[in-house]
Amino acid sequence: MIIKNEQDMLDAGEQLALELTPGMLVFLIGDLGAGKTTLVRGILKGLGHKGSVKSPTYNLVEPYTIKNLPVFHFDLYRLMGAEELEYMGMRDYLNKESICFVEWPEKGDGLLPKPDVVIKINIYGSERELLISKYKDS
Ligand code: ADP
Ligand code: MG
């Protein structure tokens, strides 16, 4: 899918939200500035979130409760290692009740469970290509 601008990315997120269910782990892969956080912003809006969505770049995780659904938005870009992931209580977030989004899952390679959805964003100037893969048996 080709995304022409930021608004398109937000709209794509809102659409995608309709397909997500509790327990899902969603990976977002793409360079800095690809639009991973923008897409999550759209998804959270689609799930019914009214407030702002800030990038979890420094905190590594931002928690939300959206209509009783616990949602965790991770950005592992600055992750130092397995201990830090452990310290964050990552394992506690990944359960059947919550939805987790992970930017830079590569940084947690080998430490994260298999994702249910992988979203890859490629940059072509001001356009973005969105590639979405879903895995049934994870
Ligand atoms: P990431 O989380 O992948 O680092 P962000 O979502 O924080 O990226 O930022 C994406 C930036 O790219 C925003 O400043 C946004 O305005 C800009 N942008 C330009 N074109 C697009 C597009 N087609 N889709 C999404 N974002 C775009
Ligand atoms: Mg980001």
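Every number for a ligand or one of its atoms is a count from 1 in the order of the listing.
Ring centers of Tyr64 and His49: under 6.0 Å apart, within the cut-off. Ring-centre distance between Phe101 and Phe27: not below the 6.0 Å cut-off.
No donor-acceptor distance shorter than 3.5 angstrom exists from the side chain of Asn59 to the backbone of Val61, with no hydrogens or angles considered. Between the side chain of Ser98 and the main chain of Val71, no donor-acceptor pair closer than 3.5 Å is present.
Counting atoms of ligand 1 from 1 in the listed order, those under 4.0 Å from a heavy atom of Lys4 are 23 (N). Heavy-atom contacts of Ile3 reach the following atoms of ligand 1: 23 (N), 24 (N) (cutoff under 4.0 Å). Applying the 4.0 Å criterion to heavy atoms of Met9 picks out, from ligand 1, the atoms 24 (N), 25 (C). Distances below 4.0 Å separate heavy atoms of Leu32 from the following atoms of ligand 1: 4 (O). Near Thr38, with a cut-off below 4.0 Å to any heavy atom, the atoms of ligand 1 are 5 (P), 6 (O), 9 (O), 10 (C). Close contacts of ligand 1 with Lys36, meaning ligand atoms under 4.0 Å from a residue heavy atom, involve 1 (P), 2 (O), 3 (O), 4 (O), 6 (O), 8 (O). Interface atoms of ligand 1 facing Asn5, defined by a heavy-atom separation under 4.0 Å, are 22 (C), 23 (N), 24 (N).
When the options Arg128, Glu6, Glu129 are ranked by their closest heavy atom to atom 19 (C) of ligand 1, first place goes to Arg128.
Seen from the ring of Tyr135, Lys114 does not count as a face-on cation partner, given the 6.0 Å and 45° thresholds.
Scanning the protein for heavy atoms near atom 23 (N) of ligand 1, the closest one is Ser126 O, 2.9 Å. Nearest protein heavy-atom neighbour of atom 10 (C) of ligand 1: Gly33 O, 3.4 Å. Nearest to atom 7 (O) of ligand 1 among the protein's heavy atoms is Thr37 CB, 3.7 Å. Looking at atom 8 (O) of ligand 1, its nearest protein heavy atom turns out to be Gly35 N, 3.1 Å.
The name of the N, O or S atom in Glu103 nearest to the Mg ion (ligand 2) is OE1.
Note: Ile3 CD1 to Leu39 CG = 7.5 Å, rounded to the nearest 0.5 Å. The OG atom of Ser55 sits 7.5 Å away from the CZ atom of Arg41 when rounded to the nearest 0.5 Å.
Per-atom contact check: atom 14 (O) of ligand 1 does not touch the protein, criterion being a heavy-atom distance below 4.0 Å.
Of the polar atoms of Glu127, none of the N or O atoms is found under 3.5 Å from an N or O of ligand 1, judged by distance alone.
Looking at Glu129 and Leu131, their side chains come closer than 4.5 Å, going by heavy atoms from C-beta outward. Side-chain contact between Leu111 and Asp109 is absent, with no heavy atoms from C-beta onward closer than 4.5 Å.
Side-chain atoms of Gln7 and Asp11 include a donor-acceptor pair closer than 3.5 Å.
The 12-atom threshold is exceeded at NZ of Lys120, counting heavy atoms of other residues, nucleotides or ligands nearer than 6.0 Å.
Using a 4.0 Å cut-off between heavy atoms, Asp31 contacts ligand 1 through its backbone alone, with no side-chain atom that close. With a heavy-atom cut-off of 4.0 Å, Arg41 does not touch ligand 1 at all.
Here Asp75 does not reach the Mg ion (ligand 2): none of its N/O/S atoms is less than 2.8 Å from the metal. At a cut-off of 2.8 Å, Thr57 is not counted among the residues with an N, O or S atom near the Mg ion (ligand 2).
Among residue pairs with one or both ends in residues 17-38, those qualifying as salt bridge (charged side-chain N to carboxylate O under 4.0 Å, His left out) are Glu19-Lys134; sequence neighbours excluded.
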